[in-house]
Amino acid sequence: MTAAFSMRDLVKKYPDFQLGPLNLVLEPGTVLGYIGPNGSGKTTTMHLLMGLIKADDGTAEICGYAQNPDEPVWKADIGYVGDEQVFYEYWSGEKNLEFLSQFYPTWSNPRAAGLAKRFDVPLKKPVRELSKGNRVKLALIGALAHRPRLLLLDEPTSGLDPVVRSEFLDVLFEYMESGETAIFYSTHILSDISRLADELAFIDNGRLKLRRAKDDLTDRWCKISFQLPGNNIRLPGIATQRHEGRDHQVVSFDREMTLRHLGVLGAENVEEHRMGIEEIAVQILKGGDNVADSQS
Amino acid sequence: MLLTLTDLSAEPLQSQIIRQIRASILAGELEAGASLPSIRALATEQRVSVITVQRAYESLEREGLIHSRRGKGFFVSELRNQEKKEMARQRLEENIGPHIMSALSEGMRIQDIRAVVDSVLKHNGAKQGVTK
(Lines give C-alpha, C1' and ligand atoms only; values in the text may rest on other atoms or scores of the structure.)
Protein backbone atom coordinates (compact mmCIF):
# COMPACT_ATOMS: atom_id res chain seq x y z
CA MET A 1 0.00 0.00 0.00
CA THR A 2 1.18 3.50 -0.78
CA ALA A 3 2.11 5.59 2.23
CA ALA A 4 -0.26 8.46 3.05
CA PHE A 5 2.81 10.61 3.25
CA SER A 6 6.50 10.05 3.27
CA MET A 7 9.04 12.72 4.23
CA ARG A 8 12.69 12.26 3.46
CA ASP A 9 15.27 14.52 5.11
CA LEU A 10 12.79 17.36 4.98
CA VAL A 11 14.26 20.66 6.22
CA LYS A 12 12.81 24.13 6.64
CA LYS A 13 15.14 26.90 7.84
CA TYR A 14 14.25 30.22 9.39
CA PRO A 15 16.75 32.75 10.73
CA ASP A 16 16.22 31.61 14.32
CA PHE A 17 14.72 28.16 13.89
CA GLN A 18 15.29 24.99 11.91
CA LEU A 19 12.78 22.21 11.42
CA GLY A 20 14.20 18.84 10.55
CA PRO A 21 15.71 16.97 8.89
CA LEU A 22 12.45 15.05 9.27
CA ASN A 23 12.05 11.44 8.20
CA LEU A 24 8.51 10.33 8.80
CA VAL A 25 6.24 7.90 6.96
CA LEU A 26 2.54 7.49 7.64
CA GLU A 27 0.88 4.25 6.54
CA PRO A 28 -2.78 4.15 5.51
CA GLY A 29 -5.17 3.03 8.23
CA THR A 30 -3.07 4.71 10.90
CA VAL A 31 -3.62 7.65 13.22
CA LEU A 32 -0.35 9.35 14.12
CA GLY A 33 -0.43 11.87 16.96
CA TYR A 34 2.13 14.65 16.57
CA ILE A 35 3.03 15.87 20.03
CA GLY A 36 5.19 18.82 20.98
CA PRO A 37 5.20 22.12 22.84
CA ASN A 38 4.23 25.41 21.22
CA GLY A 39 6.85 26.56 18.76
CA SER A 40 8.34 23.09 18.25
CA GLY A 41 7.53 23.01 14.52
CA LYS A 42 4.19 21.17 14.33
CA THR A 43 2.38 23.75 12.20
CA THR A 44 5.42 24.23 9.97
CA THR A 45 5.37 20.48 9.30
CA MET A 46 1.68 20.66 8.35
CA HIS A 47 2.34 23.59 6.03
CA LEU A 48 5.18 21.71 4.35
CA LEU A 49 2.91 18.71 3.76
CA MET A 50 0.24 20.92 2.20
CA GLY A 51 2.76 22.74 0.06
CA LEU A 52 1.93 26.13 1.62
CA ILE A 53 5.64 26.67 2.22
CA LYS A 54 8.60 25.29 0.36
CA ALA A 55 11.18 23.03 1.98
CA ASP A 56 14.82 24.10 1.88
CA ASP A 57 15.94 20.52 1.55
CA GLY A 58 14.55 17.00 1.26
CA THR A 59 11.31 15.74 -0.25
CA ALA A 60 7.79 14.82 0.76
CA GLU A 61 5.36 12.58 -1.14
CA ILE A 62 1.61 12.59 -0.61
CA CYS A 63 -0.10 9.26 -1.36
CA GLY A 64 2.73 8.39 -3.71
CA TYR A 65 2.75 11.72 -5.56
CA ALA A 66 5.62 14.17 -5.50
CA GLN A 67 4.61 17.66 -4.38
CA ASN A 68 4.73 19.17 -7.83
CA PRO A 69 3.44 22.76 -7.74
CA ASP A 70 2.59 22.63 -11.45
CA GLU A 71 0.49 19.49 -11.18
CA PRO A 72 -1.46 19.71 -7.94
CA VAL A 73 -3.19 16.29 -8.19
CA TRP A 74 -1.59 15.32 -4.87
CA LYS A 75 -3.54 18.06 -3.10
CA ALA A 76 -6.81 16.28 -3.89
CA ASP A 77 -5.81 13.52 -1.45
CA ILE A 78 -5.49 15.91 1.49
CA GLY A 79 -8.10 17.20 3.93
CA TYR A 80 -7.05 19.85 6.44
CA VAL A 81 -8.41 21.45 9.59
CA GLY A 82 -6.26 23.98 11.43
CA ASP A 83 -6.76 25.85 14.66
CA GLU A 84 -7.99 28.85 12.70
CA GLN A 85 -10.59 28.34 10.02
CA VAL A 86 -10.37 30.45 6.91
CA PHE A 87 -13.68 31.09 5.16
CA TYR A 88 -15.36 33.81 3.14
CA GLU A 89 -16.92 35.40 6.21
CA TYR A 90 -19.87 37.06 4.48
CA TRP A 91 -20.85 33.94 2.55
CA SER A 92 -23.07 31.26 4.04
CA GLY A 93 -21.54 27.94 5.09
CA GLU A 94 -23.30 26.35 2.14
CA LYS A 95 -21.73 28.75 -0.34
CA ASN A 96 -18.29 28.26 1.21
CA LEU A 97 -18.64 24.48 0.81
CA GLU A 98 -19.85 24.91 -2.77
CA PHE A 99 -16.79 27.04 -3.49
CA LEU A 100 -14.47 24.42 -1.98
CA SER A 101 -16.16 21.60 -3.89
CA GLN A 102 -14.89 22.91 -7.25
CA PHE A 103 -11.33 22.04 -6.32
CA TYR A 104 -12.02 18.38 -5.55
CA PRO A 105 -13.09 15.92 -8.25
CA THR A 106 -14.18 13.40 -5.62
CA TRP A 107 -16.33 15.85 -3.62
CA SER A 108 -19.66 14.40 -2.52
CA ASN A 109 -22.53 16.78 -1.81
CA PRO A 110 -24.63 14.14 -0.03
CA ARG A 111 -21.68 13.41 2.22
CA ALA A 112 -21.25 17.10 3.05
CA ALA A 113 -24.99 17.46 3.69
CA GLY A 114 -25.00 14.32 5.85
CA LEU A 115 -22.17 15.59 8.02
CA ALA A 116 -23.78 19.03 8.32
CA LYS A 117 -27.03 17.47 9.46
CA ARG A 118 -25.30 15.24 11.95
CA PHE A 119 -23.23 18.13 13.33
CA ASP A 120 -26.28 20.38 13.29
CA VAL A 121 -24.38 23.21 11.57
CA PRO A 122 -26.64 26.01 10.28
CA LEU A 123 -25.47 26.12 6.67
CA LYS A 124 -27.59 29.11 5.64
CA LYS A 125 -26.01 31.55 8.09
CA PRO A 126 -23.09 33.76 7.08
CA VAL A 127 -19.92 32.20 8.47
CA ARG A 128 -19.04 35.29 10.51
CA GLU A 129 -22.14 34.62 12.65
CA LEU A 130 -21.13 31.05 13.49
CA SER A 131 -19.80 30.03 16.90
CA LYS A 132 -16.25 28.74 17.27
CA GLY A 133 -17.59 25.19 17.52
CA ASN A 134 -19.66 25.49 14.36
CA ARG A 135 -16.74 26.97 12.45
CA VAL A 136 -14.55 23.99 13.32
CA LYS A 137 -17.36 21.62 12.37
CA LEU A 138 -17.79 23.41 9.05
CA ALA A 139 -14.05 23.11 8.43
CA LEU A 140 -14.20 19.37 9.15
CA ILE A 141 -17.11 18.97 6.72
CA GLY A 142 -15.04 20.81 4.11
CA ALA A 143 -12.08 18.55 4.86
CA LEU A 144 -13.98 15.25 4.70
CA ALA A 145 -16.53 15.75 1.90
CA HIS A 146 -14.05 14.64 -0.76
CA ARG A 147 -13.00 11.55 1.20
CA PRO A 148 -9.32 12.45 1.41
CA ARG A 149 -6.83 9.66 1.97
CA LEU A 150 -4.82 11.89 4.28
CA LEU A 151 -6.42 14.06 6.95
CA LEU A 152 -4.17 16.71 8.48
CA LEU A 153 -5.42 18.12 11.77
CA ASP A 154 -3.46 20.93 13.38
CA GLU A 155 -4.69 21.47 16.94
CA PRO A 156 -8.25 21.32 15.61
CA THR A 157 -10.03 21.09 18.95
CA SER A 158 -8.29 23.92 20.78
CA GLY A 159 -10.93 26.14 22.35
CA LEU A 160 -13.81 23.73 21.81
CA ASP A 161 -16.23 22.64 24.51
CA PRO A 162 -16.28 18.95 25.55
CA VAL A 163 -19.47 18.11 23.66
CA VAL A 164 -18.23 19.47 20.33
CA ARG A 165 -14.88 17.83 20.96
CA SER A 166 -16.46 14.47 21.44
CA GLU A 167 -18.68 14.86 18.32
CA PHE A 168 -15.58 15.79 16.38
CA LEU A 169 -13.69 12.69 17.60
CA ASP A 170 -16.69 10.44 16.85
CA VAL A 171 -16.56 11.48 13.20
CA LEU A 172 -12.82 10.77 13.10
CA PHE A 173 -13.27 7.26 14.51
CA GLU A 174 -15.83 6.53 11.81
CA TYR A 175 -13.64 8.04 9.11
CA MET A 176 -10.90 5.58 10.09
CA GLU A 177 -13.10 2.50 9.87
CA SER A 178 -12.46 1.83 6.18
CA GLY A 179 -8.77 1.30 6.87
CA GLU A 180 -7.72 3.18 3.74
CA THR A 181 -7.35 6.62 5.24
CA ALA A 182 -4.79 8.10 7.59
CA ILE A 183 -4.77 10.95 10.12
CA PHE A 184 -1.84 13.11 11.13
CA TYR A 185 -3.04 14.90 14.24
CA SER A 186 -0.97 17.56 15.98
CA THR A 187 -1.94 18.56 19.48
CA HIS A 188 -0.68 19.14 22.96
CA ILE A 189 -3.96 17.95 24.46
CA LEU A 190 -3.13 14.28 24.90
CA SER A 191 -6.57 13.32 26.15
CA ASP A 192 -8.01 14.08 22.71
CA ILE A 193 -6.01 11.40 21.01
CA SER A 194 -5.17 9.08 23.87
CA ARG A 195 -7.71 6.62 22.48
CA LEU A 196 -7.70 7.51 18.78
CA ALA A 197 -3.98 7.44 18.05
CA ASP A 198 -2.19 4.27 16.99
CA GLU A 199 1.21 5.87 17.21
CA LEU A 200 2.75 9.00 18.66
CA ALA A 201 5.60 11.08 17.30
CA PHE A 202 7.24 13.59 19.64
CA ILE A 203 8.82 16.76 18.34
CA ASP A 204 10.81 19.32 20.28
CA ASN A 205 12.63 22.37 18.97
CA GLY A 206 12.33 21.24 15.36
CA ARG A 207 13.66 17.74 15.96
CA LEU A 208 11.80 14.46 16.02
CA LYS A 209 12.59 12.85 19.36
CA LEU A 210 10.73 9.58 19.24
CA ARG A 211 8.03 7.74 17.35
CA ARG A 212 6.30 4.72 18.84
CA ALA A 213 3.10 2.73 18.99
CA LYS A 214 1.05 4.24 21.80
CA ASP A 215 0.45 0.83 23.37
CA ASP A 216 4.21 0.21 23.45
CA LEU A 217 4.69 3.42 25.41
CA THR A 218 2.02 2.53 27.95
CA ASP A 219 3.40 -1.03 28.20
CA ARG A 220 7.01 -0.05 28.67
CA TRP A 221 6.91 3.14 30.73
CA CYS A 222 6.07 2.81 34.39
CA LYS A 223 6.95 4.08 37.83
CA ILE A 224 8.68 1.58 40.05
CA SER A 225 9.21 1.91 43.77
CA PHE A 226 11.50 -0.43 45.71
CA GLN A 227 13.76 -0.69 48.72
CA LEU A 228 17.50 -1.17 48.50
CA PRO A 229 20.32 0.15 50.67
CA GLY A 230 22.69 2.57 48.98
CA ASN A 231 22.53 5.99 47.34
CA ASN A 232 24.21 5.42 44.06
CA ILE A 233 22.22 2.69 42.40
CA ARG A 234 22.67 2.51 38.66
CA LEU A 235 19.83 0.96 36.73
CA PRO A 236 19.27 0.60 33.00
CA GLY A 237 16.19 2.05 31.29
CA ILE A 238 15.65 4.86 33.76
CA ALA A 239 14.37 8.34 32.90
CA THR A 240 14.30 9.80 36.41
CA GLN A 241 15.32 8.53 39.82
CA ARG A 242 14.99 9.70 43.42
CA HIS A 243 15.37 8.21 46.86
CA GLU A 244 14.95 8.80 50.56
CA GLY A 245 17.18 6.51 52.53
CA ARG A 246 16.57 3.02 51.24
CA ASP A 247 13.27 3.93 49.56
CA HIS A 248 13.71 4.48 45.85
CA GLN A 249 11.37 5.67 43.14
CA VAL A 250 12.23 5.54 39.45
CA VAL A 251 10.49 6.22 36.15
CA SER A 252 11.45 3.47 33.72
CA PHE A 253 11.05 3.49 29.95
CA ASP A 254 11.93 -0.19 29.73
CA ARG A 255 9.91 -1.89 32.41
CA GLU A 256 11.18 -5.42 31.88
CA MET A 257 14.84 -4.49 31.78
CA THR A 258 14.59 -2.35 34.91
CA LEU A 259 12.67 -5.04 36.80
CA ARG A 260 15.14 -7.72 35.76
CA HIS A 261 18.03 -5.69 37.14
CA LEU A 262 16.16 -4.97 40.34
CA GLY A 263 15.71 -8.71 40.71
CA VAL A 264 19.46 -9.27 40.28
CA LEU A 265 20.26 -6.53 42.81
CA GLY A 266 17.85 -8.11 45.26
CA ALA A 267 15.56 -5.10 45.67
CA GLU A 268 12.68 -5.57 48.08
CA ASN A 269 9.04 -4.51 47.99
CA VAL A 270 9.17 -3.79 44.28
CA GLU A 271 5.95 -2.13 43.16
CA GLU A 272 4.94 -1.04 39.71
CA HIS A 273 2.62 1.82 38.94
CA ARG A 274 1.22 2.39 35.46
CA MET A 275 1.60 5.77 33.82
CA GLY A 276 -0.99 7.57 31.72
CA ILE A 277 -0.03 8.68 28.24
CA GLU A 278 -0.02 12.30 29.38
CA GLU A 279 2.58 11.63 32.08
CA ILE A 280 4.68 9.66 29.63
CA ALA A 281 4.56 12.48 27.08
CA VAL A 282 5.82 14.98 29.64
CA GLN A 283 8.69 12.66 30.57
CA ILE A 284 9.66 12.18 26.94
CA LEU A 285 9.54 15.87 26.10
CA LYS A 286 11.51 17.02 29.13
CA GLY A 287 13.63 13.89 29.28
CA GLY A 288 16.56 15.03 27.18
CA ASP A 289 18.09 12.98 24.45
CA ASN A 290 18.98 9.85 26.39
CA VAL A 291 15.33 8.80 26.52
CA ALA A 292 14.82 9.30 22.80
CA ASP A 293 18.07 7.74 21.61
CA SER A 294 17.96 4.70 23.78
CA GLN A 295 14.54 3.80 22.42
CA SER A 296 15.01 4.42 18.72
CA MET B 1 -20.64 -8.91 22.75
CA LEU B 2 -20.75 -5.98 25.15
CA LEU B 3 -17.50 -4.52 26.38
CA THR B 4 -17.16 -1.87 29.06
CA LEU B 5 -13.93 0.07 28.77
CA THR B 6 -12.78 2.83 31.05
CA ASP B 7 -9.91 5.30 31.04
CA LEU B 8 -10.04 5.60 34.81
CA SER B 9 -8.61 2.18 35.49
CA ALA B 10 -4.94 1.39 36.03
CA GLU B 11 -5.52 -1.52 33.67
CA PRO B 12 -4.61 -0.62 30.07
CA LEU B 13 -7.44 -0.59 27.52
CA GLN B 14 -5.87 -3.51 25.70
CA SER B 15 -5.93 -5.68 28.84
CA GLN B 16 -9.51 -4.65 29.55
CA ILE B 17 -10.55 -5.89 26.10
CA ILE B 18 -8.60 -9.14 26.51
CA ARG B 19 -9.99 -9.83 29.98
CA GLN B 20 -13.62 -9.18 29.02
CA ILE B 21 -13.57 -11.22 25.81
CA ARG B 22 -11.76 -14.05 27.59
CA ALA B 23 -14.36 -14.09 30.33
CA SER B 24 -17.20 -14.26 27.77
CA ILE B 25 -15.53 -17.20 26.04
CA LEU B 26 -14.60 -19.14 29.17
CA ALA B 27 -18.06 -18.60 30.65
CA GLY B 28 -19.61 -19.89 27.43
CA GLU B 29 -21.42 -16.67 26.54
CA LEU B 30 -19.49 -16.55 23.30
CA GLU B 31 -19.83 -19.98 21.75
CA ALA B 32 -17.33 -21.89 19.65
CA GLY B 33 -17.40 -20.72 16.04
CA ALA B 34 -19.04 -17.39 16.88
CA SER B 35 -17.50 -14.57 14.88
CA LEU B 36 -15.95 -11.58 16.62
CA PRO B 37 -16.39 -8.03 15.31
CA SER B 38 -13.70 -6.99 12.83
CA ILE B 39 -10.74 -5.15 14.33
CA ARG B 40 -11.76 -1.87 12.74
CA ALA B 41 -15.42 -2.23 13.66
CA LEU B 42 -14.59 -2.91 17.31
CA ALA B 43 -12.10 -0.01 17.36
CA THR B 44 -14.74 2.37 16.02
CA GLU B 45 -17.43 1.04 18.34
CA GLN B 46 -15.28 1.22 21.46
CA ARG B 47 -13.47 4.41 20.45
CA VAL B 48 -10.03 2.90 20.77
CA SER B 49 -7.19 2.77 18.29
CA VAL B 50 -6.91 -0.03 15.76
CA ILE B 51 -3.58 -1.20 17.15
CA THR B 52 -5.11 -1.61 20.61
CA VAL B 53 -7.77 -4.02 19.30
CA GLN B 54 -5.36 -5.75 16.97
CA ARG B 55 -2.97 -6.54 19.81
CA ALA B 56 -5.80 -7.68 22.06
CA TYR B 57 -6.97 -10.13 19.37
CA GLU B 58 -3.41 -11.35 18.79
CA SER B 59 -3.02 -12.00 22.47
CA LEU B 60 -6.30 -13.95 22.65
CA GLU B 61 -5.15 -15.89 19.60
CA ARG B 62 -1.88 -16.83 21.33
CA GLU B 63 -3.90 -18.04 24.32
CA GLY B 64 -5.78 -20.29 21.91
CA LEU B 65 -9.16 -18.72 22.66
CA ILE B 66 -9.77 -17.33 19.18
CA HIS B 67 -8.38 -17.94 15.72
CA SER B 68 -8.36 -15.98 12.48
CA ARG B 69 -9.39 -17.13 9.05
CA ARG B 70 -7.79 -15.25 6.23
CA GLY B 71 -10.14 -12.63 4.86
CA LYS B 72 -12.98 -13.76 7.11
CA GLY B 73 -11.99 -12.36 10.48
CA PHE B 74 -11.75 -13.80 13.96
CA PHE B 75 -13.73 -16.69 15.46
CA VAL B 76 -14.09 -18.26 18.87
CA SER B 77 -12.06 -21.45 18.98
CA GLU B 78 -13.45 -24.90 19.68
CA LEU B 79 -12.49 -25.69 23.27
CA ARG B 80 -13.53 -28.61 25.41
CA ASN B 81 -15.06 -27.66 28.74
CA GLN B 82 -12.15 -29.36 30.41
CA GLU B 83 -9.71 -27.04 28.60
CA LYS B 84 -11.73 -23.96 29.52
CA LYS B 85 -11.76 -24.99 33.16
CA GLU B 86 -8.03 -25.58 33.09
CA MET B 87 -7.42 -22.13 31.55
CA ALA B 88 -9.59 -20.44 34.15
CA ARG B 89 -7.83 -22.37 36.91
CA GLN B 90 -4.39 -21.37 35.63
CA ARG B 91 -5.38 -17.74 35.44
CA LEU B 92 -6.72 -17.80 38.96
CA GLU B 93 -3.50 -19.31 40.16
CA GLU B 94 -1.45 -16.63 38.37
CA ASN B 95 -3.61 -13.84 39.72
CA ILE B 96 -4.02 -15.02 43.26
CA GLY B 97 -0.45 -16.28 43.70
CA PRO B 98 1.23 -12.93 44.44
CA HIS B 99 -1.61 -11.91 46.78
CA ILE B 100 -1.28 -15.08 48.79
CA MET B 101 2.49 -14.65 48.96
CA SER B 102 2.16 -11.11 50.25
CA ALA B 103 -0.50 -12.20 52.76
CA LEU B 104 1.92 -14.84 54.05
CA SER B 105 4.72 -12.26 54.27
CA GLU B 106 2.39 -10.05 56.29
CA GLY B 107 2.05 -12.86 58.78
CA MET B 108 -1.31 -14.39 57.85
CA ARG B 109 -1.78 -18.06 58.57
CA ILE B 110 -2.84 -20.54 55.91
CA GLN B 111 -6.19 -21.28 57.52
CA ASP B 112 -6.93 -17.54 57.73
CA ILE B 113 -6.22 -17.15 54.02
CA ARG B 114 -8.56 -20.05 53.26
CA ALA B 115 -11.21 -18.37 55.40
CA VAL B 116 -10.83 -15.16 53.35
CA VAL B 117 -11.29 -17.09 50.11
CA ASP B 118 -14.39 -18.75 51.51
CA SER B 119 -15.81 -15.45 52.65
CA VAL B 120 -15.22 -13.82 49.25
CA LEU B 121 -16.96 -16.76 47.58
CA LYS B 122 -19.85 -16.55 49.98
CA HIS B 123 -20.40 -12.84 49.48
CA ASN B 124 -19.75 -12.44 45.76
CA GLY B 125 -20.10 -15.96 44.40
CA ALA B 126 -23.81 -16.24 45.01
CA LYS B 127 -24.60 -13.19 42.88
CA GLN B 128 -22.60 -14.48 39.94
CA GLY B 129 -24.19 -17.94 39.87
CA VAL B 130 -21.57 -20.24 41.29
CA THR B 131 -23.06 -23.26 39.60
CA LYS B 132 -21.51 -22.36 36.21
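Chain letters run A, B, ... following the sequence lines, proteins first and then strands; every chain starts at 1. Predicted model only: the values in this text are computed from it and were never measured.
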Measure distances from B:E45 to the heavy atoms of chain A and classify the residue's part below 4.5 Å as side chain, backbone, both or neither. neither
What residue in A:S194, A:A213, A:G276, A:G29 has the most heavy-atom pairs under 4.5 Å with chain B? A:G29
So CZ of A:R195 and OG of B:S49: to nearest 0.5 Å the spacing works out to 10.0 Å
CD1/B:I51 to NZ/A:K214 distance, rounded to the nearest 0.5 angstrom? 8.5 Å
Does CD belonging to B:Q111 count more than 12 external heavy atoms closer than 6.0 Å? yes
Taking atom CZ of B:R47 as the centre, report whether more than 12 heavy atoms of other residues, nucleotides or ligands fall under 6.0 Å from it. yes
Can we say B:R55 and A:D198 salt-bridge, meaning some charged N sits less than 4.0 Å from an Asp/Glu carboxylate O? no
Would you indicate whether B:L92, at its atom CG, is surrounded by more than 12 heavy atoms from other residues, nucleotides or ligands within a distance under 6.0 Å? yes
Provide the closest heavy-atom pair for A:F173 versus B:T44 in the form atom of the first, atom of the second, distance. O-OG1, 3.5 Å
Take atom CD of A:E256 as the centre, draw a 6.0 Å sphere, and report whether it contains more than 12 heavy atoms from other residues, nucleotides or ligands. no
OG (B:S105) and CD (A:E268) are apart, to the nearest 0.5 Å, by 10.5 Å
Which portion of A:N269 sits near chain B, non-hydrogen atoms under 4.5 angstrom: neither
Main-chain N/O of A:S178 paired with B:R40 side-chain donor or acceptor, under 3.5 Å: no
If you count heavy-atom pairs under 4.5 Å with chain B, which of A:D170, A:D219, A:L169 comes out on top? A:D170
Under a 4.5 Å heavy-atom cut-off, does chain A meet the side chain of B:L5, its backbone, both or neither? both
Please determine, among B:L13, B:D7, B:I39, the option with the most heavy-atom pairs under 4.5 Å with chain A. B:D7
